[in-house]
Amino acid sequence: MTIRTRFAPSPTGQVHIGNLRVAIYNWLFARHAGGKFLLRMEDTDRERSTPEAVQAVLDAMTWLGLEPDESPVYQSQRRQAHLEAAEQLLSKGLAYKEDKGGTGRGEAVLFRMPGSAMTFHDEIKGDLHKQAKDMKDFVIVRSDGAPVFHLANVVDDIFMNVSHVIRGDDHIENTFRHIALYQALNAPVPKFAHLPMIVNAQGKPYAKRDGDAFVGDFREKGYLSEALLNYLALLGWSPGEDREMMTRDEMIRLFTLDRVQSGAAQFDPKKFEWMNGEHMRALPKEVHREKYLAAIPNAGDDPAYLDAVIDVMQERVKKWPDIPGMAGFFFTEDYPYDEKAVTKRLRREGALDLLAALKEAYTSLDPFNAETTESALRELADARGAKPADLIHPVRIAVSGIPHGPSLFHMLEVLGKARVVRRIDRTLERFG
RNA sequence: GUCCCCAUCGUCUAGAGGCCUAGGACAUCGGGUUUUCAUCCCGAAAACAGGGGUUCGAGUCCCCUUGGGGACGCCA
């Protein structure tokens, strides 16, 4: 049997991370099995399913690299097929017309449930049962002639030859209805796998209010798509052997439904942030280079200098938007001074005097590198009866403006003598 | 209310009856490095929801309780 899965979102403007995870699992499962991953827009809600909303889904898929193997199917264009299926059921007596509830709106088409208990095997949850008395007939075509979700969903899955329906477990109840529909339509019943939901800290479904609920939020904040993919895949699935950091190919190779968790999982922004940082540092230097070029106007002036900066910064940058704030000072003489750091380190008794002396020592220092800048600084501190820290902190603020960053002496080496001396000088003038 | 699903450290999880003195990761705390920290290294604390079975033996199987969640639309 050919494995075919599909992601069938209803385009509403933004892609929720819960839905994205459903897409990821469908994609991983299909890729692992060498099958096809398909996309279907359930865009029958004319109000919300705007072209922009559809585009948002497509963009999210592209960003994550979840490209479907066949062109997307648009449910809104399959209305005829849905209606024909309803006619077929009507003619076979498997459906009937009724003004349900006596609304006066006219007659809707209702599907007749078989009237016997049902059981199906869920690939994640195991055997699921439902008694006949707990299943009621349901509307498949509204009185205004519009097909209802259940009908459209099943008819389209049949049309697309979907072999495995992998979706959120809020669809478990629907599955009994859907299976009955497949059977009534004389179509092979696919396998089902119901994934648990992603919940917030309160155990409630992760919603917009919880923040960062949409794919776009992560993209805008400069996170890596491969990190989001990795993290979301791991939220409810584990390859075992304590593996966590994975490339997409590793995930594809390792993914199986039987290792998917059946309980809900909570999204942990802290762990995601950490994982993003890990992916960042694993990235080729070339990618960092491009981001610096895009984020900082004159980063490309001196390629060798840029590479040296990246060498000391790559392991510290956790996401792209960090670059200007964390490394901007390397590329401009007009970097801002952190107020608190200035107060604490430069406005101390004697700090500027020491700094002035250090400038003199550095001016004649040759060669100027991590080792020599360190020993020169220590010697000076010693000669002045000061602690190295009394000098280390002020220099850092003087040359970078901020109280944190790479190891000081490596940073000085990268900046080079000319910049360091000039910056100390200017700092002395400014705060002296 | 009815039906359904779920349940291992704070969080994500490993665990297919003896390999569990319950392992890893994030977070937390402590120590070290860097005399910066939003880096790195080391260490610690931290869980099988409760109760009954089954079994020589249960985190692992069964039942009940409790707790959480979902579904009960002419929404998707």
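Computed from a prediction, not measured in an experiment: that's the story for all the values here. Labels below follow one simple rule: chain letters A, B, ... track the order of the sequence lines, proteins then strands, and each chain is numbered from 1. FYI, side chains are in, hydrogens and waters are out, and symmetry mates aren't considered; it's all heavy atoms of this structure.
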A:F120 and A:H194 aromatic ring geometry - parallel, tilted or perpendicular at 30°/60° bounds: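 Rings of A:H194 and A:F120: perpendicular, as their planes differ by over 60°.
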Choosing from [options], which nucleotide comes nearest the side chain of [X]?
X      : options            : result
A:R316 : B:U35, B:C5, B:U36 : B:U36
A:W274 : B:G24, B:C26, B:C3 : B:C26
A:S407 : B:U34, B:C3, B:C26 : B:U34

Give a yes-or-no answer on whether the side chains of [X] and [Y] include a donor-acceptor pair shorter than 3.5 Å.
X      : Y      : value
A:R348 : A:T343 : no
A:H279 : A:E226 : no
A:T247 : A:D249 : no

Protein-nucleotide distance ([X], atom [atom1]; [N], atom [atom2]), rounded to Å:
X      : N     : atom1 : atom2 : answer
A:H121 : B:C4  : NE2   : C1'   : 17 Å
A:M197 : B:C12 : CE    : P     : 15 Å
A:D134 : B:U2  : CG    : C1'   : 7 Å
A:M135 : B:C3  : CE    : C1'   : 11 Å
A:K270 : B:C9  : NZ    : P     : 19 Å
A:D122 : B:G70 : CG    : P     : 18 Å
A:L408 : B:U35 : CG    : P     : 7 Å
A:D169 : B:A7  : CG    : C1'   : 14 Å

Are [X] and [Y] an aromatic pair by the rule of ring centers under 6.0 Å?
X      : Y      : value
A:Y305 : A:F331 : yes
A:F255 : A:W237 : yes
A:F330 : A:Y335 : no
A:Y96  : A:F111 : no
A:Y74  : A:F159 : no

Working for side chain to side chain donor-acceptor pair (under 3.5 Å), residues A:T427 and A:Y337: CA-CA 10 Å; A:T427 302; A:Y337 287 83; 2.8 Å; yes
Starting at the 5' end of [range], put B wherever the base has a protein heavy atom under 4.0 Å, S where only the sugar-phosphate does, and a dash everywhere else.
range                        : result
nucleotides 13-21 of chain B : SSS------
nucleotides 58-68 of chain B : -----------
nucleotides 71-76 of chain B : SS-BSB

Carboxylate-amine/guanidinium contact A:K100 A:E107, below 4.0 Å: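 Answer for the salt bridge query: no.
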Salt bridge flag under 4.0 Å for residues A:K285 and A:D311: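 Looking at A:D311 together with A:K285, the answer is yes, because their closest N to O distance falls below 4.0 Å.
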Considering every strand and a 4.0 Å limit on heavy-atom distances, what is the contact class for [X]: base, sugar-phosphate, or nothing?
X      : answer
A:I140 : nothing
A:E374 : sugar-phosphate
A:F409 : sugar-phosphate
A:E244 : base

Euclidean distance for C1', B:A76 against B:G17 (whole angstrom):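 The answer is 44 Å between these two C1' atoms.
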Partner nucleotide, any strand, of B:A7 [Watson-Crick/G-U, under 3.5 Å]: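 In the structure as shown, B:A7 has B:U66 as its Watson-Crick or wobble partner.
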Pairing partner of B:U2 (Watson-Crick or G-U wobble, both distances under 3.5 Å):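 Result: B:A71.
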Check: A:K271 side chain, B:A27 base, donor-acceptor under 3.5 Å: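 Per atom types, no contact qualifies.
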